[in-house]
2 protein chains.
Amino acid sequence: MILLRRLLGDVLRRQRQRQGRTLREVSSSARVSLGYLSEVERGQKEASSELLSAICDALDVRMSELMREVSDELALAELAQSAAATESVPAPVRPMLGSVSVTGVPPERVTIKAPAEAVDVVAA
Amino acid sequence: MILLRRLLGDVLRRQRQRQGRTLREVSSSARVSLGYLSEVERGQKEASSELLSAICDALDVRMSELMREVSDELALAELAQSAAATESVPAPVRPMLGSVSVTGVPPERVTIKAPAEAVDVVAA
């Protein structure tokens with residue numbers, strides 16, 4: 001199962017790091033405890049809408065931009081998940097699904113990463 | 001303050017209504033109580049990541065598509081909010097900000113809706 005809070009946490013952490021700011025600084029500006037912000041960034045706690053708004057203010061980013069980035073991350077995670085699902089189909093059925101070809105690459109070199117490697121996805 | 005759960009609720013309700021489905025049907029398919037789903041749609045309860053995933057499955061929509069729609073709604077709400085903020089600047093300062101002109105419309109006909117009218121936004 002792809003969890004929104006995981007991808008949201010990744011996006012929030014990346015945004016903060018892009019600005020070269022510390023957890024302490026952003027948590028103080030957003031008036032949220034350092035521990036809580038850290039848990040939100042690690043996808044361990046759901047951020048309430050009020051908290052998310054405060055974090056966006058602290059990071060000086062629009063919530064729409066943040067959610068656009070989350071949506072893009074979700075799309076990648078969904079792709080990785082469906083690729084992994086195709087991989088796990090029993091061998092006799094797989095050739096029927098393999099209509100996508102990569103030209104110039106020998107078939108044995110085409111690998112599809114498991115979601116855990118490709119993106120930060122929690123398996124259901 | 002623009003609340004994510006409000007816009008998310010709107011998007012979820014719209015998606016369900018587009019499919020001509022009832023709250024009862026979707027709540028049963030997502031294994032969530034009808035009352036809870038109704039509160040999520042009305043923006044009164046935060047949906048956990050697990051619940052959101054279950055609702056997406058029940059509606060047969062990708063979470064990335066849903067969040068893309070939420071991001072678009074957020075962008076509109078942010079625009080309405082900043083327009084309202086410009087409106088509320090004291091009169092002597094306003095002409096300095098009024099560099100946007102609408103041609104062919106007499107100035108007295110140009111109105112900027114308050115966010116509460118334009119979109120479902122909660123004032124901070």
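Just so you know, these numbers use all the heavy atoms, side chains as well, and skip hydrogens, waters and symmetry mates. Reminder, nothing fancy here: chain letters follow the sequence lines and each chain counts from 1.
Within a 6.0 Å sphere centred on CZ of R24(A), other residues, nucleotides and ligands contribute 12 heavy atoms or fewer. When the shell of 6.0 Å around CZ of R21(B) is examined, it contains more than 12 heavy atoms from other residues, nucleotides or ligands.
Taking every heavy atom of both residues into account, S53(A) and M1(B) meet most closely at OG-CG, 3.2 Å.
For the side-chain contact (heavy atoms from CB on, under 4.5 Å) criterion with M67(B), the lone passing option out of L4(A), L8(A), L7(A) is L4(A).
Of the possible polar contacts, none joining the S64(B) side chain to the S71(A) backbone as a donor-acceptor pair under 3.5 Å is found. Side chain of E78(A) to backbone of R62(B): no donor-acceptor contact under 3.5 angstrom is found.
Listed options C56(A), A54(A), S49(A) were ranked by heavy-atom pairs under 4.5 angstrom with chain B; first place goes to S49(A).
By the rule that hydrophobic residues join a cluster once side-chain heavy atoms approach within less than 4.5 Å of another member, V11(B) and L23(B) end up as members of one cluster. Note on L59(A) and L37(A): same hydrophobic cluster, where clusters join Ile, Leu, Val, Met, Phe, Trp and Tyr whose side-chain heavy atoms are under 4.5 Å apart, directly or indirectly. No path of Ile, Leu, Val, Met, Phe, Trp and Tyr side chains, each step under 4.5 Å between heavy atoms, connects L66(B) with L79(A), placing them in separate hydrophobic clusters. Linking ILVMFWY residues whenever their side-chain heavy atoms come closer than 4.5 Å, directly or via other members, places V32(B) and V61(B) in the same cluster.
With a 4.5 angstrom heavy-atom cutoff, E50(B) touches chain A via backbone and side-chain atoms both. Contacts of S48(B) with chain A are made by both backbone and side-chain atoms, with heavy-atom separations under 4.5 Å.
For the pair R68(B) and D72(A), the minimum side-chain heavy-atom distance is below 4.5 Å.
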